[in-house]
Amino acid sequence: MGGTRRVDLATLQRVREHAVSVAEVAKAHAEALDLQIRGLQTQRAVLRAVAKRRSTPQEMQLMHQLVSLFHLV
């Protein structure tokens, strides 16, 4: 169903052909949004920590690396 936020033409065709239901498409898109939201929440938490601690560039680089690890999981 692709990694985009919109339903692509191929997915619409599959719905039309009854190969997949609208509910299944909606569920897949909701799950994709959940992943995006979790990523944004992580980024927000890091930025707030950086702002609160007045982090150095070296600390920011370390935090960036740690956040990158979360995206691999």
Side-chain angles (χ1 to χ4, degrees):
M1 279 177 237
T4 63
R5 287 182 240 171
R6 297 182 182 192
V7 178
D8 58 30
L9 291 176
T11 301
L12 291 175
Q13 183 65 30
R14 291 180 65 214
V15 169
R16 188 169 170 247
E17 295 169 352
H18 303 288
V20 65
S21 70
V22 172
E24 291 169 317
V25 172
K27 181 181 177 191
H29 281 268
E31 289 169 356
L33 286 172
D34 287 341
L35 288 174
Q36 290 178 346
I37 289 167
R38 281 195 292 274
L40 290 171
Q41 288 171 329
T42 301
Q43 290 176 15
R44 180 182 62 199
V46 168
L47 290 171
R48 285 184 174 162
V50 167
K52 184 176 181 178
R53 292 175 41 93
R54 298 180 186 259
S55 297
T56 65
Q58 293 81 11
E59 289 173 319
M60 287 182 61
Q61 184 175 5
L62 178 60
M63 287 188 166
H64 174 73
Q65 290 170 344
L66 290 172
V67 169
S68 296
L69 290 175
F70 284 108
H71 289 280
L72 296 176
V73 176

* **Derivation of the side chain to side chain contact (heavy atoms under 4.5 Å, CB included) call for E31 and L35** => CA-CA 6 Å; E31 289 169 356; L35 288 174; over 6 Å; no
* To do: Working to the nearest 0.5 Å, report the span between OG1 of T42 and CG of L47.
  => 11.0 Å
* **Residue list, side chain to side chain donor-acceptor pair (under 3.5 Å) with E17, at least two apart or on another chain** => Q13
* What pairs with Q58 under side chain to side chain donor-acceptor pair (under 3.5 Å), at least two apart in sequence or on another chain? -> T56
* Asked: What pairs meet the salt bridge (charged side-chain N to carboxylate O under 4.0 Å, His left out) rule with one or both residues in residues 35-55, with sequence neighbours excluded?
  -> R53-E59
* **Residue list, side chain to side chain contact (heavy atoms under 4.5 Å, CB included) with V50, at least two apart or on another chain** => V46, S55, M60, M63
* Asked: Roughly how far, to the nearest 0.5 Å, is OG1 of T11 from CD of E24?
  -> 11.5 Å
* State which residues pass side chain to side chain contact (heavy atoms under 4.5 Å, CB included) with L12; sequence neighbours excluded, sorted by chain then number. => V7, L9
* **Residues forming a side chain to side chain contact (heavy atoms under 4.5 Å, CB included) with Q61, sequence neighbours excluded** => Q65
* Structure fact -> Rounding to 0.5 Å, atoms CD (Q41) and CD (Q36) come to a distance of 12.0 Å
